[in-house]
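All remarks here apply to the structure that follows.
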Amino acid sequence: MNAIYPGSFDPVTYGHIDIIKRAAKQADNLTVSILYNPSKDSLFSLEEKKYLLEESVKDLDNVKVDSFQGLLSDYVKQTGCTTLIRGLRAVTDFEYELQMAHVNKKLNKDIETLFMVTSNKHSYLSSSIVREIAMFGGDVSCFVPEIVEKSLKEKFEEAYNGSSKINR
Ligand code: PNS
């Protein structure tokens, strides 16, 4: 089975990496695919997200990183791979994920969405929380790989070197 793990990855966290590693054990090939949405403000550009993901999964032989624009169901048609992986952290994720799975199925009946339960350790983790901690100069080393931590520090240099005006 080949599978696609789609997402925003702004930026990739240990929660995503946990799902990627476990999904890669179940699938022959896994494509981690980043949504490119020019109308949505992201902290990282598509190229940066791709670089950070590629660095984070470089030891996994059957995992590659790709991107898509527009509808996920159209991208799935182009790739010919119809299995989607999504992580569920908590009940609060479920409603949105269920809606998305139904919509994708309606748009392309061949799509099957497989849900994987995020490890307990990462169940509270999200990219937005990580961005917020980093924005105020907090330690994100237990949430993201070193390369991502370094990139966040570059983005929020002022907060990290103590010259931020945000807290003053
Ligand atoms: O990491 P995220 O933000 O939870 O990922 C959400 C994502 C990118 C999988 C979802 O927003 C998506 O597929 N967007 C593409 C547009 C689309 O197909 N929308 C219809 C399905 S709801």
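Throughout, numbering of the chain's residues begins at 1 and tracks the sequence. We count ligands from 1, going down the list as the structure has it; atoms in each ligand are counted the same way. Treat the numbers as computed from the prediction; the structure is a model and nothing was measured.
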Could you walk me through whether Tyr36 and Lys49 pass side-chain contact (heavy atoms from CB on, under 4.5 Å), step by step? CA-CA 10 Å; Tyr36 174 57; Lys49 290 178 186 182; over 6 Å; no
Applying side-chain contact (heavy atoms from CB on, under 4.5 Å) to Ile111 and Ser73, what does each step give before you reach the verdict? CA-CA 8 Å; Ile111 292 180; Ser73 53; 3.9 Å; yes
Decide side-chain contact (heavy atoms from CB on, under 4.5 Å) for Leu98 and Glu95; before the verdict, give the C-alpha distance in whole Å, the side-chain angles of both, and the deciding distance to 0.1 Å. CA-CA 5 Å; Leu98 191 66; Glu95 208 170 322; 5.9 Å; no
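Between Tyr75 and Phe68, the ring planes lie parallel to each other; the angle is under 30°, not in the 30° to 60° tilted range.
Residue-ligand proximity, Tyr96 to ligand 1, at heavy-atom distances under 4.0 Å covers atoms 11 (O). Listed by number with element, the atoms of ligand 1 under 4.0 angstrom from any heavy atom of Leu72 are 13 (O), 17 (C), 18 (O). Counting the atoms of ligand 1 from 1 in the order shown, those under 4.0 Å from a heavy atom of Gly70 are 15 (C), 16 (C). When each atom of ligand 1 is checked for a heavy atom of Leu35 under 4.0 Å away, the hits are 8 (C), 14 (N), 15 (C).
Under the 4.0 angstrom criterion, atom 17 (C) of ligand 1 counts as having a protein heavy-atom contact.
For atom 1 (O) of ligand 1, the closest heavy atom belonging to the protein is Ser8 N, 2.9 Å. Looking from atom 22 (S) of ligand 1 to the surrounding protein, the closest heavy atom is Met100 CG, 3.2 Å. Residue, atom and distance of the protein heavy atom nearest to atom 20 (C) of ligand 1 are Leu71 CD2, 4.0 Å.
Among Ile4, Asn104, Ile34, the residue whose heavy atom lies nearest to atom 21 (C) of ligand 1 is Asn104. Within the set Glu97, Gln69, Gln99, Arg86, the minimum heavy-atom distance to atom 9 (C) of ligand 1 is found for Arg86.
A salt bridge does not link Glu55 to Lys150: none of the charged nitrogens lies less than 4.0 Å from a carboxylate oxygen. Residues Lys50 and Glu54 are paired through a salt bridge, judged by an N-O separation under 4.0 Å between the basic side chain and the carboxylate.
With hydrogens and angles disregarded, a donor-acceptor distance shorter than 3.5 Å links the side chain of Asn104 to the backbone of Met100.
Side-chain atoms of Thr31 and Asp66 include no donor-acceptor pair closer than 3.5 Å.
Using a 4.0 Å cut-off between heavy atoms, Tyr75 makes no contact with ligand 1 at all.
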